Amino acid sequence: MIRACIFDLDGVIVDTAIYHFVAWKNLAASLGIEFTEKNNEKLKGVGRMESLDFILSLGQVQKDESEMLVLAHNKNEHYKSLISSLTEEAILPGIKVFFDELKEAGVFIALGSSSKNARPVLENIGLKSYFDVIVDGTNISRSKPDPEVFELGAQALEIPPVEIIVFEDAQAGIDAAKTGGFKCVGVGSAEELSGADILIPGFEGLTYAHLLNQLKQ
Ligand code: BG6
Ligand code: MG
């Protein structure tokens, strides 16, 4: 029986994945590194420093630790300026109705995000009060695809992974959920995502009952 759902944030609940991409692309360009949308797919769900490592290796650029901290800080300042005016309009279609349905069904709602900006984002879009548990980039020491973020969520909920559905738009997040023994719904298309129990294009028109049926098949 499913007793809880853990949601990734960027690209699942809110339309912020594009802002991470814009900020990384800008930083990469300042270093003379080309950074495409295809490259960006690999960074979805991946922590800030790990993402910077990936971009530097793309351009075969070497930086020491203190330089890397400055670059990561600059990317984050740019990202924060892009999300500073986020409102509930950035909530992805169908999410609020789906959350209301989960609440009505007595299913717990948790966040499992790699982002250290998750709490301000949830506050800006007005969804923070829906969450029974929040685990974000400030709580973890290992980034997705490590399952730590979801395991901490399960521990806080006091519910075993097999009774929890993880919703993820990133391959790293799907891999994390499956490694941790969770049910996993991938949000996106089969061109980008594999290994989830089922894939959905988004939450618009999705009912919880229909989703449970699909997961049983
Ligand atoms: C994830 C995003 O949710 O958070 C990644 O998918 C991002 O793109 C990661 O790098 C870390 O975010 P932040 O806000 O801590 O830099
Ligand atoms: Mg995501």
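This structure is a prediction, so every number in the text was calculated from the model and none was measured. We count ligands from 1, going down the list as the structure has it; atoms in each ligand are counted the same way.
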Is the gap between the ring centers of [X] and [Y] under 6.0 Å?
X      : Y      : result
Phe99  : Phe131 : yes
Tyr130 : Phe7   : no
Tyr79  : Tyr19  : no

Subject >> Sub-4.0 Å heavy-atom contact, Gly45 with ligand 1 >> reply: yes
Subject >> Close approach of Ala170 to ligand 1, heavy atoms, under 4.0 angstrom >> reply: no
Can you measure from [atom1] ([X]) to [atom2] ([Y]) and round to the nearest 0.5 angstrom?
X      : Y      : atom1 : atom2 : result
Asn26  : Lys75  : CG    : NZ    : 11.0 Å
Glu77  : His73  : CD    : NE2   : 4.0 Å
Ile140 : Glu148 : CD1   : CD    : 6.0 Å

Looking at [X], which atoms of ligand 1 are within less than 4.0 Å of one of its heavy atoms?
X      : answer
Val46  : 5 (C), 7 (C), 9 (C), 10 (O), 11 (C)
Ser51  : 10 (O)
Leu43  : 5 (C), 8 (O)
Asn117 : 13 (P), 14 (O)
Lys44  : 6 (O)
Lys116 : 13 (P), 14 (O), 15 (O)

**OP:** Look at the N, O or S atoms of Asp169, main chain and side chain alike, and state whether any lies under 2.8 Å from the Mg ion (ligand 2).
**Re:** yes
**OP:** Please answer whether the main-chain N or O of Thr36 pairs with a side-chain N or O of Asn39 as donor and acceptor at a distance below 3.5 Å.
**Re:** yes
Original post:
What protein heavy atom sits nearest atom 16 (O) of ligand 1, and how far away is it?
Top reply: Arg48 NE, 2.7 Å
**OP:** Would you mind checking which non-hydrogen protein atom is closest to atom 3 (O) of ligand 1, with the distance to 0.1 Å?
**Re:** Asp10 OD2, 2.6 Å
Original post:
What's the atom name of the N, O or S in Asp10 nearest to the Mg ion (ligand 2)?
Top reply: O
Subject >> N/O/S atom name from Asp8 that is nearest to the position of the Mg ion (ligand 2) >> reply: OD2
**OP:** Going by heavy-atom distance to atom 12 (O) of ligand 1, choose the closest among Gly173, Ser115, Ala172, Ser143.
**Re:** Ser115
Original post:
Given the rule that I, L, V, M, F, W and Y join up when any side-chain heavy atoms are under 4.5 Å apart, are Ile91 and Leu86 in one cluster?
Top reply: yes
Original post:
When you look at CD of Glu192, are more than 12 heavy atoms from neighbouring residues, nucleotides or ligands closer to it than 6.0 Å?
Top reply: yes
